[in-house]
Amino acid sequence: MGDEKDMLYRTAGQFKTSYEADQALFPVRQDAILLAVILACAWVIFPLVASEFVFQTLLIPILIYSLAALGLNILTGFAGQLSLGTAAFMGVGAYACYKMITIMPWMNPIVAILLSGVFSAGIGVAFGIPSLRIKGFYLAIATLAAQFFLVWLFEKWAWLYNYNASGAIQVPNLEMFGVYIAGPQASSIVQYFVVLFIVSLLTLVCINLTRGTLGRTWKATRDMDIAAELIGINLMKSKLTAFAVSSYIVGVAGALFVFMWRGAAEPNLFDIPLSFRILFIAIIGGLGSIMGNYLGAILIVGLPVVLNLVPNALGIPIGSATVEHLNIMIVGSLIVFFLIVEPHGLAQLWRLIREKLIIWPFPH
Amino acid sequence: MKHFTKLAIAAVVAGITATSTLAQELYTPNLAYRTGPFAATGIPLMNGQADYLNMLNARDGGIGGVPVNPEECETGYSTEKGVECYEKTKGRAIVTQPWSTGITLQVLPKTNVDEIPILAPGYGFSPMMEGKTFQWAYNAPAGYWDAADMILQYIEGEGSLEGKKIAFLHLDHPFGKEPLPVLEAAAEAKGFELVPIPVGLKEMQNQSAQWLQIRRERPDYVVMWGWGAMNAGAITEAVKTKFPMENFIGVWWAGHDADLKIVGADGKGYKSISWSFPNPDAPVMADIQKHIVDEGKTQSNPEEMSGVFYGRGIVISAILAEGIKVAQDHFGTAEIDAKQLRWGLENIDMTEARISELGLDGMVPPFKTSCNNHTGHSGGWMLEWDGEKFVKASDLLMANVDSYKAIAEAAAAEYAEANAPWPVNEECSE
């Protein structure tokens, strides 16, 4: 195993002959190969082998949660602004998408999903204004206000849910090029591809954003805002763009959450437990990392589903409620374990493993 | 690679579970909730359901000679977990028992595609009574709109509603809002004032603000659509604020013995409409005692078994079992599939004689489902807390379905339109 990995990650002989090559997204060839394998799996292999259960309980939710955590990570991990209002911004995206689709039924659903992020970006910037004056935990409380206010609004403003008697929104059947892509008639594989396309697209945008000027501005703000201001960074611009980009992504994730996965939503779905769940994904995956969001979502969203299947697959006769209790304990202790092993999250754990593999078998 | 191996394992595991074939059985999964914030009310219901079906397995070898597999899938009342359970069980399931309104809302639109009947006795979406539109959904023996109508009838029995003030204390959630259209229409028609007082999910246990409003409004009656921790919260607040308990009436999910035991004799007079009643002398209880309890196969206890919710669990399973039986007889096969069960649930005729034959004497009123009527409208009894237990405080009340038939039809049509293409059952006459 070791030998193999060593061979896999040997960087000797990969010379860079231009600055461009040195600045490339993947300076180490093996990283690019690994990504290609993952993408091939996501785009080709999983759709071929996955059952409806795997689509609905693992692949689609993991991707959507990863995207939401990615949005939060832009704000908290890259720009250093703590937020507890993620779920509410997801809700803005979902309700905006619902209103657009019901007012303009001819609208292309993917366009509607991508546009719904614009609404949450606007709301996000509005609630981001306090960040210009307050920091840290105090800012977290200000975003908490967004959380409470918006969920209250989703409940009370009946226009948002088209005056539905039960106060819930329900996704209608939406067609695109003659194929159902949302609603009860849509097949899981189609929804998976739509989610995968949007998530891949936004991930690519985020990788580039965080590596560019904007990303560096955010990181400088995060690391020390006074120093950043002194070297000429406009803090207002930096913080508000972080809120805008973050809320845009979170809003799109919210629209996907309801339109591509849940199919229906009531206001309290977007309440604080969802915000915390996404925050945990971002923290356990690793703040300030893109890949970490995926690792975190796999641990928090995917693992419990898999653990639930284990006793049944092994033929151990225990009650479903007991499994649920065990599951909560196992996932809880795993979270503690990973944070003790690597306080900076799973992404950092992977980074260390990779570095060790590159220099293996020499210790230095 | 790590995360990716996990996914691969997941795919393999799921593949195995999906393809494993099992011996002859009727797979009737239950999306149970024995964990989470609503566990206290869920456990007695789930125990009653499981004990009845296990008793049938032990006593008669199942239904029509085929054992029933009443496997539970734990949801903790979470919609997300509910969807997971639905996806996990739908391959072999002949019925879906979603239990929460949130899960029902998710599963309902998929019924026409997956073709598995939903059995949601006494809960879910009230317009499901329109069997022509909601071919695959059943909420027999009674729906929330029946409950609202019966409660109003009961109040009317104590004097005209004209000029009265009724506070409607409800969970601010799809479940709590369900009866509003019928109550509003009745307020208009009968000339009483309706004061809706919502209780947010976060305020369930602390309702001081709501009860302050009730004290200020001085309603003649408080009608409650509560669930879980909300009921105990409301009942203790009512006792604390000295609201006359005899004018406090809850829906059937607000009639849990444990909630009333907290206040004991102070709760005397509190009422709850119900389509089920625990009868310890019913033959079915003796059978459960003999085949399940004495064998040590129950998770319940004597105190719980004498309560309303355990008895209701039995009735729910009995409705399912009857649907299976009817389908078996009609199609001449013991191993029925989901489609055949749909027909069975549509043709249940629970007459007084049949109820007695099943040993359920006095536990459920007679009702009959049909192609067009998926609720059955059994009617219900007004139960009253006597300080120690619930007793019947009225004869059987029958809902006046005609008074909201038009609302139900409109709601069903609206649902079908919003979810177009939505096939309706053209075979339904009338």
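Residue numbering restarts at 1 for every chain, and letters A, B, ... go by the order of the sequence lines. Predicted model only: the values in this text are computed from it and were never measured.
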Would the number of heavy atoms belonging to other residues, nucleotides or ligands and lying under 6.0 Å from NZ of B/K405 be above 12? yes
Measure the shortest side-chain to side-chain distance between B/K202 and A/N268 over non-hydrogen atoms and say whether it is less than 4.5 angstrom. no
Contact check, side chains of B/D172 and A/K156, non-hydrogen atoms, under 4.5 Å: yes
With a 4.5 angstrom heavy-atom cut-off, which part of B/T75 approaches chain A: side chain, backbone, both or neither? neither
Mind ranking B/K81, B/K90, B/E84 by heavy-atom pairs under 4.5 Å with chain A and telling me who comes out on top? B/E84
Among B/E414, B/K88, B/R34, single out the residue with the greatest number of heavy-atom pairs under 4.5 Å to chain A. B/K88
I'd like to know if the side chain of B/Q106 and the backbone of A/R262 have a donor-acceptor N/O pair within less than 3.5 Å. yes
Just so I understand: if I count every heavy-atom pair under 4.5 Å between each of A/N308, A/V323, A/I272 and chain B, which residue has the most? A/N308
Portion of B/P198 that has a non-hydrogen atom of chain A nearer than 4.5 angstrom: side chain
Quick check on A/W152 against chain B: is it the side chain, the backbone, both or neither that has a heavy atom closer than 4.5 Å? neither
Flag the pair A/R277 and B/E80 as a salt bridge only when some basic side-chain nitrogen lies within less than 4.0 angstrom of an acidic carboxylate oxygen. yes
If I take atom CG from residue B/N419 and atom CD from residue A/Q185, how far apart are they, to the nearest 0.5 angstrom? 9.0 Å
Heavy-atom contact with chain A under 4.5 Å, split by part of B/Y415: side chain
Looking only at non-hydrogen atoms, find the nearest pair between B/P109 and A/Q170 and report the distance. CG-NE2, 3.6 Å
Bottom line for B/L180: the part with an atom under 4.5 Å from chain A's heavy atoms is neither
Select, from A/T322, A/T57, A/D271, A/N173, the one with the greatest count of heavy-atom pairs under 4.5 Å involving chain B. A/N173
List the atom of B/A418, the atom of A/P172, and the distance in Å for their closest heavy-atom pair. O-CB, 3.4 Å
Rounded at 0.5 Å granularity, tell me how far CD in B/E74 sits from NE2 in A/H325. 7.0 Å
Non-hydrogen atoms of chain B under 4.5 Å away: do they reach the side chain of A/E52, the backbone, both or neither? both
Identify which part of A/F55 has an atom lying under 4.5 Å from any heavy atom of chain B, answering side chain, backbone, both or neither. neither
Under 6.0 Å from the CD atom of B/E304, do we count more than 12 heavy atoms belonging to anything else shown? yes
Which heavy-atom pair separates A/A168 from B/L105 by the least distance, and what is that distance? CB-CD1, 3.9 Å
Does some side-chain heavy atom of A/S320 sit less than 4.5 Å from a side-chain heavy atom of B/E71? no
